[in-house]
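Every chain is numbered from 1, with letters handed out A, B, ... down the list of sequences.
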Protein chains: 2
Amino acid sequence: MATQTPAPAAGLRETKKHETRQLISDHATRLFIAQGFEQTTIAEIAAAARVAKKTVTNYFPRKEDLALDHQEEFAASLAAAVAARHQGESALTALRRAFADAVAAQDPVAGFSGQEFARMIADSPTLTACLRGLHDQREHHLAQALADATGARSDDITVQTAAALLGTVHRVLFHRIQTLTLAGHPDDQITHTIAAEATQAFDLLEPALRDYAAA
Amino acid sequence: MATQTPAPAAGLRETKKHETRQLISDHATRLFIAQGFEQTTIAEIAAAARVAKKTVTNYFPRKEDLALDHQEEFAASLAAAVAARHQGESALTALRRAFADAVAAQDPVAGFSGQEFARMIADSPTLTACLRGLHDQREHHLAQALADATGARSDDITVQTAAALLGTVHRVLFHRIQTLTLAGHPDDQITHTIAAEATQAFDLLEPALRDYAAA
DNA sequence: TCGCAAACTTGCGACGGAGGTAAATTTAGC
DNA sequence: GCTAAATTTACCTCCGTCGCAAGTTTGCGA
């Protein structure tokens, strides 16, 4: 009886691990938003969460990891959209749809992160640099997905350029959402504004990439 | 006679300052290339140049500044090309010309930095992140130049998108030159290869931006 | 024309925070 | 209880920043 471990979820150990991680993350975001990212030390976060400093850096190797969550999901989002495109749909069309859906859902991954969060990022050079890196990773993953879709090599100049242009439009719109959020616009208004601007921006790429990577 | 100071250059102080700066910079690049960026400490550089640690960080606030020179020139290059465009020439055409010229001249600012230097950057996450930041600054300056040229606001979505797309093509080609350099291709061959690829890449933007910001 | 003192700049040692290693201690799972 | 993993503790290096001393330029008066 006592040895019947597998049934109740995934063991106490795993549970506590996730709890600790969440505990640290929660205290971190709270302190970051309250005092700013650069102004908050890892020691403070550890003290607030009642754990050792090493435990913090164990779960989150870099300080930025404490602030920016869902990095993997973000980096993979564009590649996933291309991989999941409909029959006969081009990469551009799939990415238009993916963006429109994310905006309609006011997805944090698209840039709807809340005003305080946007302020935290904007005020921290470290975090803006980190965000740039994430956009870059996202572009690389997209290039890989386009290479898979077209049969070309991922370092082919056409693939690279297509991925860069598509990723760039997403990046510009992401920043636009951030800027509007920072300026205090309500999410519903942003959703409306961005929809029109996205059409405009993506339309620029239509002649260049209309049929690129059509399934 | 002895009091005739103004004629010989710009004073003893300025001279020594530049000498010290150059001395530090030279030792830094030598060590970086020899052992890698991350593996070289500021203390080592200071010891090699026979100055105090603080003197190094005084001339070069961040460690990256020791490796990446001509940052201002790089960041301003695209904006300058647009500002100096010919009569009736569009921004796209001006930037095509600027890139072609830089490639023909094998300009370091376009990516012709030498194999060892390219290796140093590629091997260092810090430096690649810094380079991303420079591309970003370059895009911002370009957006400002486009805003000036068209009379629009620099945070206008059209300006932002145009700057991003144009900057992106330059960025992709820059990385391409770096990659080829890293792979050991001689500069003359790269020049030839890149010329064709640049035509291809810029052509993608022709339908979108053919007459944008035409003077 | 000359000297002199105030203001600025350069160089220096010391400190705080991020990130990492190694060993000791606790705690889940068997 | 025993093994293994997680957490803690202590310690270290290195980057980047903060007061302090020394030297140089400049403004002013003689």
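Here the P atom of nucleotide dC15(D) and the CZ atom of R62(A) are 19 Å apart, to the nearest Å. Regarding L23(A), its CG atom lies at a distance of 17 Å from the P atom of dA6(D), rounded to whole Å. Separating the CD atom of Q39(B) from the C1' atom of dT13(D) is a distance of 14 Å, rounded to the nearest angstrom. Rounding to whole angstrom units, CG of residue N58(B) and C1' of dC12(C) are separated by 10 Å. Rounded to whole Å, atom P of dA18(C) lies 10 Å from atom CG of L66(A). Computed from coordinates, the F60(B) CZ to dC15(D) P distance equals 15 Å when rounded to whole Å. The CZ atom of R50(B) sits 15 Å away from the C1' atom of dG11(C) (whole-angstrom rounding). With rounding to whole Å, E38(A) atom CD is found 15 Å from dG16(C) atom C1'.
Nucleic acid contact for T40(A): sugar-phosphate only, since backbone atoms but no base atoms lie under 4.0 Å from a heavy atom of the residue.
Residue T126(B) is tested with K63(B), E38(B), R62(B), E64(B) for a side-chain hydrogen bond (donor to acceptor under 3.5 Å, both in side chains); the sole match is E38(B).
Which of dC12(C), dG19(C), dT7(D) sits closest to the side chain of E64(A) comes down to dG19(C). Listed nucleotides: dG16(D), dT8(D), dG11(C). Nearest to the side chain of T20(B): dG11(C). Distance from the side chain of T55(A) is smallest for dT7(D) among the nucleotides dG19(C), dC12(C), dT7(D). Among the nucleotides dG17(C), dA6(D), dC14(D), the one closest to any side-chain atom of T41(B) is dC14(D). Which of dT10(C), dC15(D), dA6(D) sits closest to the side chain of I42(B) comes down to dC15(D).
Here K53(A) does not reach the OP1 or OP2 of dT8(D): none of its side-chain N or O atoms lies under 4.0 Å away. Checking the phosphate oxygens (OP1, OP2) of dT27(C), no side-chain nitrogen or oxygen of K16(A) falls inside 4.0 Å. Considering only side-chain N and O atoms, K54(A) lies nowhere under 4.0 angstrom from the phosphate OP1 or OP2 of dT8(D). Dashed line: the shortest gap from a side-chain N or O of Y59(A) to OP1 or OP2 of dT7(D) is under 4.0 Å.
For the residue pair T191(A) / Q106(A), a side-chain donor-acceptor distance below 3.5 Å is found, with atom types taken as modelled. Between the side chains of H141(A) and R138(A), no donor-acceptor pair of N or O atoms lies under 3.5 Å.
Residues A163(A) and L142(A) share a closest heavy-atom pair of O-CD2, 3.6 Å. Closest non-hydrogen pair, A110(B) versus F174(B), comes out as O-CD1, 3.1 Å.
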